[in-house]
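Below: the structure, in structure tokens.
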Amino acid sequence: MDNALALDPFEVSVMLLWATGVIYVCWRYVQCRSTYMLIVLVGSLCIPGLGICYAAGQAIRKFTNRESQV
């Protein structure tokens with residue numbers, strides 16, 4: 001018997017990435033409380049890849065800033 005509500009592994013991975021991105025952006029919003037972060041938070045709730053792309057961009061920016069200081 002096939003369950004209609006069952007998720008395949010791809011759907012589960014997309015949902016986990018979406019949740020991770022939303023949690024990261026929400027944490028950054030709580031730290032900053034800026035209008036820009038509020039817009040990114042609302043966008044990451046609506047667009048599944050936006051939050052994780054924002055987190056990746058921040059990690060790359062932090063890494064490149066660290067490399068240029070050394």
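Linking Ile, Leu, Val, Met, Phe, Trp and Tyr residues whenever their side-chain heavy atoms come within less than 4.5 Å places Met37 and Tyr24 in a single cluster. Hydrophobic clustering places Leu7 together with Leu16 (ILVMFWY residues linked when any side-chain heavy atoms are closer than 4.5 Å, directly or through intermediates). In the hydrophobic cluster analysis, where Ile, Leu, Val, Met, Phe, Trp and Tyr join through side-chain heavy atoms closer than 4.5 angstrom, Leu38 is grouped together with Val25. In the hydrophobic clustering of ILVMFWY residues, with side-chain heavy atoms under 4.5 Å counting as a link, Leu45 and Trp27 come out apart.
Taking OH of Tyr29 as the start and OG1 of Thr35 as the end, the distance is 8.0 Å to the nearest 0.5 Å. Atom CZ of Arg28 and atom OH of Tyr36 lie 10.0 Å apart (nearest 0.5 Å). Between the SG atom in Cys46 and the CG atom in Leu41 there is a gap of 9.5 Å [rounded to 0.5 Å]. Distance check: Ser34 OG to Ile39 CD1 gives 8.5 Å after rounding to the nearest 0.5 Å.
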Which pairs would a plain distance check flag for residues 47-62, meaning a side-chain donor or acceptor within less than 3.5 Å of a matching protein atom at least two apart in sequence or in another chain?
unit_1: Gln58; atom_1: OE1; unit_2: Arg61; atom_2: NH2; d: 3.2

